[in-house]
There are 2 protein chains.
Amino acid sequence: MSRNENSKNVTVIDVAKKAGVSKSTVSLVLTGSTKVSDKAKLKVEKAIDEIGYVYNRDAASLRSRKSNLVAIVINDLTNPYSAQLAVGLEIQIRQMGLFSMLVNSGESVETQTSLVRHLKEYNVAAFIICPAPNTSAEWVNNLVKQGFPVVHIMREVAGANVATVLPDNFAGTKLATQHLLTKGYKKIAFIGGNESISDYHQRLSGYTEAMTLAEVPFSRKLCVQSNTNRNGGRSAMEEVLEIAADIEAVVCFSDVIAYGAIEQIRASGKQPGKDIAVVGFDDLADSRLMSPALTTIHVDANQIAIAVCQILMNIKDGNKNKILVGIDLMERESS
Amino acid sequence: MSRNENSKNVTVIDVAKKAGVSKSTVSLVLTGSTKVSDKAKLKVEKAIDEIGYVYNRDAASLRSRKSNLVAIVINDLTNPYSAQLAVGLEIQIRQMGLFSMLVNSGESVETQTSLVRHLKEYNVAAFIICPAPNTSAEWVNNLVKQGFPVVHIMREVAGANVATVLPDNFAGTKLATQHLLTKGYKKIAFIGGNESISDYHQRLSGYTEAMTLAEVPFSRKLCVQSNTNRNGGRSAMEEVLEIAADIEAVVCFSDVIAYGAIEQIRASGKQPGKDIAVVGFDDLADSRLMSPALTTIHVDANQIAIAVCQILMNIKDGNKNKILVGIDLMERESS
DNA sequence: TCATGAAATTGGAACGTTCCAAAAGCTATA
DNA sequence: TATAGCTTTTGGAACGTTCCAATTTCATGA
């Protein structure tokens with residue numbers, strides 16, 4: 001698409017003429033150089049305002065081979081936690097003086113591949129990716145080999161040689177489970193999520209660890225997998241209730257799963273939070289507003305965003321570490 | 001940020017050498033020209049693969065003064081409906097052979113202004129904007145005057161001379177209210193939303209129109225404003241219950257408001273859907289999964305996205321129309 | 001075989017910026 | 001006043017693409 005059919009653009013040269021300096025001086029002002037006199041700077045800024053000049057980043061990044069565009073590739077924007085994370089990342093990136101470009105892969109590797117291919121053409125400086133399921137390590141490593149700074153968030157890709165920032169899933173569910181144990185519950189199930197999600201194992205292990213440490217017996221049958229939406233929570237909870245009508249508490253893979261579980265508990269005629277305790281994972285905004293307010297593991301999206309940005313700043317150090325972001329237990333009415 | 005410190009980039013010239021043609025021919029292949037022989041095309045494509053060439057859009061759009069980047073400026077990505085809309089727009093835009101850049105204004109005019117200023121530098125071809133509250137018509141008109149195709153979605157800015165696509169809010173709440181009236185309910189409240197949101201008046205009018213047409217008396221006191229989150233729904237519902245304990249049904253400004261209302265109804269010891277009917281607006285994915293499943297006005301995000309894209313295709317015709325996207329009643333358990 | 005015209009290919013200029021090395025302008029000191 | 005050393009300014013080249021006008025190639029028909 002073209003915007004203005006024929007009209008000439010206003011360029012640095014026009015600004016230079018207006019301000020009575022050279023185009024090089026204008027460029028120095030635009031790039032915020034310190035080696036330009038205040039007098040010249042003022043003249044240029046005045047000229048820019050008067051003449052309605054718009055900086056052309058295409059030309060700039062073509063010539064300078066630099067870019068301040070950071071691509072954020074999100075797995076699923078319709079997932080509330082992902083959206084929250086995207087917003088946090090955007091704000092942090094802007095604070096670094098960079099600009100972000102947000103795209104959504106919709107959990108499809110094909111879309112993700114296509115998006116990244118295009119984004120490379122747009123000369124992005126770095127990629128922040130929440131990898132779609134089945135993302136290949138080879139693909140990621142190739143991207144890195146091409147010289148792009150890459151940071152993965154929320155999910156790990158086995159064998160991928162990239163920095164990764166994710167919540168301490170293991171500690172999270174362990175803490176959640178221990179909270180329930182402390183409250184005196186013994187019959188505790190773990191519901192929701194499934195093995196195709198990279199963090200499932202970590203969250204499940206947190207639960208089993210806590211149960212084992214407390215020497216409370218538990219059955220693998222009470223670890224019911226499901227898809228990750230609200231319906232998944234309902235059906236997993238339904239299954240648990242069928243297997244063990246006397247269940248006392250459930251640790252949920254995520255808040256969304258917990259929402260479904262709560263509905264199913266209600267549907268079965270029991271009261272969530274009273275008859276059966278429920279703990280979630282994520283701490284979505286809704287979780288403290290709902291009723292009963294959901295006890296959950298808080299994962300601070302801003303903290304993740306900050307960690308990502310710190311890595312981006314120092315990516316040249318070849319930082320390929322895994323950073324675990326701390327979690328907190330938010331104790332509320334549902335447990 | 002810079003990616004590769006010193007290494008030379010692979011350019012069309014390298015491709016040309018490898019393929020044994022001129023750079024002009026390579027360019028013709030890249031831009032999909034029909035006036036290049038199949039033989040040359042194959043040679044070029046082979047060379048591109050072998051040499052690992054990446055198209056440089058900065059150079060291309062600098063020279064051609066064209067761009068296929070469309071900016072989507074969303075008011076609040078953490079709002080589930082906005083997120084759904086953003087995803088729909090992204091897909092439609094990609095299908096048009098364009099590329100979208102998603103940014104979030106967070107309902108702040110200042111952020112919105114800053115984002116748009118930057119996006120202009122990135123040479124975007126068009127703006128799709130869900131305007132933040134207090135967006136000035138002058139600002140928008142100025143953007144249009146600068147030659148940028150602009151389409152507003154979901155919200156109108158009074159006095160702004162731009163094409164706007166939004167759901168038929170009036171018809172929506174009218175239909176919702178008539179549905180409740182048909183079911184025999186008489187004491188019907190309208191809750192949630194507030195006058196700072198451009199579509200509030202339209203939705204409120206739909207309700208009053210239906211009540212008036214049916215000659216069912218109603219009190220302005222039962223039209224309770226609130227902020228737009230779940231808590232707003234709770235407090236508005238609480239107020240309604242205080243004023244009129246015998247309320248039979250509520251039309252909600254949005255699904256999120258309805259979620260809050262349902263919780264408050266429960267908290268008051270009544271059963272949503274049985275004792276008090278609830279109707280929402282938006283039809284979020286969760287609304288059909290929750291319990292009771294929410295009766296609501298369905299607004300098809302894809303239809304909005306398609307309408308926006310149609311306008312973008314024909315923007316040169318100076319299309320400044322307002323397009324109302326049709327709505328549907330989804331009758332479920334809550335009414 | 002040659003002339004004709006259409007189709008395909010081509011090299012050089014241009015897009016608007018930054019980089020570079022060189023020039024000019026300053027200030028302080030002898 | 002001359003000089004050295006520093007700060008500020010500057011014109012031309014370069015980034016990688018597309019556009020344009022000109023040239024070459026090809027197919028056709030006489």
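Proteins come first, then strands; the chains are lettered A, B, ... in the order of their sequence lines, and each starts at number 1.
For A/Ser24, counting side-chain heavy atoms from C-beta on, the closest listed nucleotide (D/dG11, C/dT17, D/dT17) is D/dG11. Listed nucleotides D/dT18, D/dA13, D/dT10 differ in distance to A/Val21; the shortest reach to its side chain belongs to D/dT10. With D/dT18, C/dT17, C/dT9 as the candidates, the nucleotide lying closest to the side chain of B/Ala60 is D/dT18. Nearest to the side-chain atoms of B/Ala40 among the listed nucleotides C/dT18, C/dT9, C/dG16 stands C/dT9.
Evaluation of atom-type donor-acceptor distances gives no pair under 3.5 Å for the side chain of A/Ser22 against the base of D/dG11. Side chain B/Arg63 to base D/dT17: no donor-acceptor pair is found below 3.5 Å.
Taking 4.0 angstrom as the limit, B/Asn9 places a side-chain polar atom (N or O) nearer than this to OP1 or OP2 of D/dG16. One finds no side-chain N or O of B/Ser27 lying less than 4.0 angstrom from the OP1 or OP2 phosphate oxygen of D/dT17. Put simply, A/Lys39 has no side-chain N or O that comes within less than 4.0 Å of OP1 or OP2 on C/dG25. One finds a side-chain N or O of B/Ser37 lying less than 4.0 angstrom from the OP1 or OP2 phosphate oxygen of C/dT9. For C/dG16, one of the phosphate oxygens OP1 or OP2 lies less than 4.0 angstrom from a side-chain nitrogen or oxygen of B/Arg65. Residue A/Asn56 places no side-chain N or O under 4.0 Å from the OP1 or OP2 atom of C/dC15.
Of the candidates B/Glu45, B/Lys46, B/Lys39, B/Glu45 is the only one forming a side-chain contact (heavy atoms from CB on, under 4.5 Å) with B/Leu42.
How far OG of B/Ser105 is from CD of B/Glu110: 10.0 Å, rounded to the nearest 0.5 Å.
The aromatic rings of A/Phe99 and B/His118 lie tilted to each other, with the angle between the two planes from 30° to 60°.
Ion pairing between a basic and an acidic side chain is recognised when a charged N comes within 4.0 Å of a carboxylate O; B/Glu121 and B/Arg117 show no such pairing.
C/dG16 atom P lies 19 Å from atom CG of A/Asn123, rounded to whole Å.
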